[in-house]
Amino acid sequence: MQMLNVTIDGQRLQVKEGTTILEACELTGVEIPTLCYLKHLAPEGSCRMCVVEVKGARDLKVSCATMCDEGMEVVTMNEKIYAWRRFIIEMLLADHHIDCFSCSDTGQCKLYQYALDYGVNEPRFKVEARDWEKDESNKFFDYDPHKCILCRRCVRVCNERQNNHTLSLNGRGIDTVVGMPFNELFIDSNCVSCGNCVSVCPTGALSTKSSKHYRAWEVTKTRTTCSYCAVGCQMDLVVKKGKVVGVEPADGHSNKGLLCVKGKFAYKFIDHPDRLTTPLIRKDGVLEPASWDEALDCVVDNLQRIKAESGPDAIAGFSSSRTTNEDNYAFMKMMRAAIGTNNVDNCARV
Amino acid sequence: MIRTLQDLKEFQERQEERLRQQEATTRAQIFVGMGTCGIAAGAQDVYDAICDELKKRNIEDVVVAQTGCIGFCAQEPLAEVNLPGSQKVLYGHVDPEKAREIVAQHIEGGKAVSQWAVNGGGMLAEELQAEAQIVDYNEVPFFKHQVRIALRNCGVINPESLGEYTVRDGYRSLAKVLTEMTPAEVIEEIKKSGLRGRGGGGFSTGTKWDFAHKQPPGQKYIVCNADEGDPGAFMDRSILEGDPHSVVEGMAIGAYAIGANKGYVYCRAEYPIAVKRLNLAISQAKEQGLLGKNIFGTDFEFDLEVRLGAGAFVCGEETALLASIEGERGEPRLRPPYPAVSGLWGKPTIINNVETFANIAPIINKGSGWFGSIGSDNSKGTKVFALAGEINNIGLAEIPMGTTLREVIYDIGGGVPEGKRFKGAQTGGPSGGCIPAEYLDTPIDYDNLAKLGTIMGSGGLIIMAEDTCMVDLARFFLDFTQEESCGKCPPCRVGTTVMLDMLNRIVEGKGEAGDLEKLEELGKNIKAASLCGLGQTAPNPVLSTMRYFREEYEEHVRDKKCRAGVCTALFQYYIIPEKCKRCGICAKVCPVQCISGDRKTPYVIDQDLCIKCGACMEACPFDSIIKR
């Protein structure tokens, strides 16, 4: 692989051929504002935010889609770039329902952040709102088109990565709106509620229902592995006052920023009153709480008895897909080596 | 089947013989212009009336045929009568009654009806009509100053006849490139000719072809952009309707040059006649082996298909056009990579405009030197302009590059109607800008137009007279582009909307101080930051009218006045009491009964009720009503 010498804001570095300017900037630690760009999606350069100056080029270049060239000199901030980005933000705010006070995205909204960064305090322009309606039909998330900035991350993640082809664009020009074919509601569409569109939305247009109850500065995030199946998706538990209030996908090796409906939304079992917190042993037909020692003794005694009475093949093991691969492997080993039967299976058929 | 150059020559000779026979055995030939323009003006009825009248009079030795648009739209429906041995006569404004009269007098009586002839008295003042002689077409000012290369066959041949195309040396160039030239030589020849893209960009056609040619061999495509969308532009439609084979041949030559074996014509569905004739031309060419495998006995294979556009202006942008052909939403994508490197389905693709392709065969046939001798320094050849707006001879004119705007407007176009003062001309449609009267003597070419802040565009030329409001004009074009924005990038999607809102306020008399500065700022930013050509040029009509007519904008904002009397919120109809003769005609024609008065008191308009239709002013016999 050929290496290219590039200079970013005076800082020299070598990058692999095929590296975009944006990726090179990331390597140097220079932050470039982006809205439509998303790692793992083909860059489309439509939001026009990530422009930089390339020495010798006539116009500013979108850094997400421009490849580095040998000897390229990049400037990531000057008056022209600042004015350009500021203009983009002004345009987006002109067509944005500004209710940051009650918006659940406040504190993590990219538009809000960039407006602050680029000094757009009060919008000078305003486009008349269209008569779009909010779609609150999904059980887990809401959609407010008036907060959409049409970065299309949701559409692209749905089509290019989740391959579900639920979201597309309706209308054109100023009436362009993300939606379902024939303007149907989420609940009537083929949406599988994976929630990846919600996860990638940079504003409050797509937001989880639960996010109304917390703000970005009230929560901490804990990286963990999803316990639902053996894929091992990496995710961040969003925790407020010791309770999990949401889940966000992380860029793990196996999930690359995606989650499924279970990982994204099915976390409420954690605090559910029906959840078992101790082992139960059935005594005289009634399940009664027991200690782990008691429970494991009970299992061992009975397995040994059955094996002695009826042979190992009288025993079958069935493990949960909500455990890790390693645990499942150990369980399989226990059944075959310790108990001596091949009767072992797993419910991993998500 | 035409398999060799010899076959083509023989085919051509048979056609020539057929035409000679036709001429020898018939008393007359009548051609009716049946392009969309002609048909819209009633050419079908004229055609039927001619046939009917001939039948009634038992005249059988007359050929009646259709042809494409000859370009003189102002005179449609047009019919040409050709009596062997005498001057052709082109009748304008023909209606069924005139058609019957022409059959009676000209066909049966043998005497042309000079006063209806465009090349007779048809365009003269009434008192001069009867005396007028029939002259050669080239004596008619509208035709005299034109050089027809792309339009060489339009209105001359029957567009539905491959034979007639070959009689005009059709497919000779294709035979020549396939049998005598390498692809590199073809590209060199086109480069040398200096031909630049006629769709608006003005990029060197030969250089563009070279990009695709240099891509590694494999699947490549050639695409014809026939998604002509500028309001008031119809050059491409006319070529497709009047001479579809010239596009097929040009594309085949291009395909050979770049190494493509498949082509698409992306034509807007609003051009049904063009689509029909194009499909017919393709099937005729296939039938004769001019498309398909082993063309002219060589290894070259080329297939052509028509794809219909669903009416989105943005699909005239090349990457959006490709997305549309692929079945995707018609939206542009980032360039680079340019289509010549990665186009249709990721394969190298060349996209040229209809007029560009129509220029190819003559260049090959007559040589790049001939083509290069026409035009100006950096703009070779000719350009077809669609003359529209406040001009007498509305129509299509093909002029050598470097012709001045004055020649186009006054010599070819016949000037501004009703003696009105010329105010400016809009070139390049909604992506272009205006040229004010002081630049009338600028030679038209790519570079000069760019210097004036406008573009050649695809060739729309809209003439404005003194009663055109430049603010309203800019608003009209921006209204168009705002509506046609695809919505992909924020500068174009939101920016054009914000600008349009502001202009709407200004023409409604609600403009505020600072609006003009904001418009300029927005315009410049939208141009710089938009993703594709649509957004990058959308503010041009506003910026260029502001550049040349800023005082009109200022009057609208500051004084709430529209000097052209177009913006209805900014003027009133007013009856001058001293001039009012109290005839009451104005009150009678007023559709909302807002004019009152009587024999004793001058009439007065109730401004609250007036809808500003202007009927009173038009009706007043004493010019007592003015706009103010």
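All heavy atoms count here, side chains included; hydrogens, waters and symmetry mates do not. Each chain gets a letter, A, B and so on, in the order the sequences are listed, and its residues count up from 1.
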Work out which heavy atom in Pro490(B) is nearest to a heavy atom in Ser46(A); give both atom names and the distance. CD-O, 3.3 Å

In terms of heavy-atom contacts, does CD of Glu517(B) have more than 12 from other residues, nucleotides or ligands at under 6.0 Å? yes

Side chain / backbone / both / neither for Val51(A) at chain B, heavy atoms under 4.5 Å: neither

Side chain to side chain, Met91(A) and Leu522(B), heavy atoms closer than 4.5 Å: yes

Please walk me through it: do Lys488(B) and Leu169(A) pass side-chain contact (heavy atoms from CB on, under 4.5 Å)? CA-CA 10 Å; Lys488(B) 189 168 183 172; Leu169(A) 293 156; over 6 Å; no

Please look at Leu35(A) and chain B and tell me whether the side chain, the backbone, both or neither of the residue comes under 4.5 angstrom of a heavy atom of that chain. neither

Hey, which of Arg124(A), Lys126(A), Met67(A), Met49(A) has the most heavy atom pairs under 4.5 Å with chain B? Arg124(A)

Take atom CD in Glu70(A); do more than 12 heavy atoms of anything else shown fall under 6.0 Å from it? yes

Contact between Pro491(B) and Arg48(A) at the side-chain level, heavy atoms closer than 4.5 Å - yes or no? yes

Under a 4.5 Å heavy-atom cut-off, does chain A meet the side chain of Asp501(B), its backbone, both or neither? side chain

Are any of the side-chain heavy atoms of Leu92(A) and Arg493(B) separated by less than 4.5 Å? yes

Shortest non-hydrogen contact from Gly45(A) toward Leu531(B): O-CD1, 3.8 Å

With chain A, the option among Ser485(B), Gly495(B), Cys492(B) that has the most non-hydrogen atom pairs under 4.5 Å is Ser485(B)

Roughly how far, to the nearest 0.5 Å, is CZ of Phe125(A) from CE of Met499(B)? 10.0 Å

Please classify the contact between Thr496(B) and chain A as side chain, backbone, both or neither, with a heavy-atom cut-off of under 4.5 Å. neither

In Å, rounded to the nearest 0.5 Å, how long is the span from CZ of Arg333(B) to CD of Glu44(A)? 12.0 Å

Of all of Cys489(B), Ala312(B), Gly330(B), which one pairs up most often with chain A through heavy atoms under 4.5 Å apart? Cys489(B)

For each of Cys47(A), Ala94(A), Pro43(A), Ala83(A), tally heavy-atom pairs with chain B at distances under 4.5 Å, and name the one with the top tally. Cys47(A)

For Glu554(B), does the CD atom have more than 12 heavy-atom neighbours from other residues, nucleotides or ligands under 6.0 Å away? yes

Cys486(B) to Thr176(A) - nearest heavy-atom pair and separation: O-OG1, 3.3 Å

Would you compute the distance between atom CG of Asp175(A) and atom CD of Glu483(B) and round it to the nearest 0.5 angstrom? 8.0 Å

Would you name the heavy atoms of Ala65(A) and Leu334(B) that are closest together and state the gap between them? CB-CD1, 3.2 Å

Need one label for Glu521(B): side chain, backbone, both or neither, based on atoms under 4.5 Å from any heavy atom in chain A. side chain

Counting only heavy atoms not in Lys110(A), do more than 12 fall under 6.0 Å of its NZ? yes

Assess whether a salt bridge exists between Arg172(A) and Glu331(B), defined as any Lys/Arg side-chain N lying under 4.0 Å from an Asp/Glu carboxylate O. no

Should we say atom OH of Tyr271(B) is surrounded by more than 12 heavy atoms from elsewhere, each under 6.0 Å from it? yes

Look up atom CD1 in Ile88(A) and atom CG in Asn525(B), then write down how far apart they are to the nearest 0.5 Å. 8.5 Å

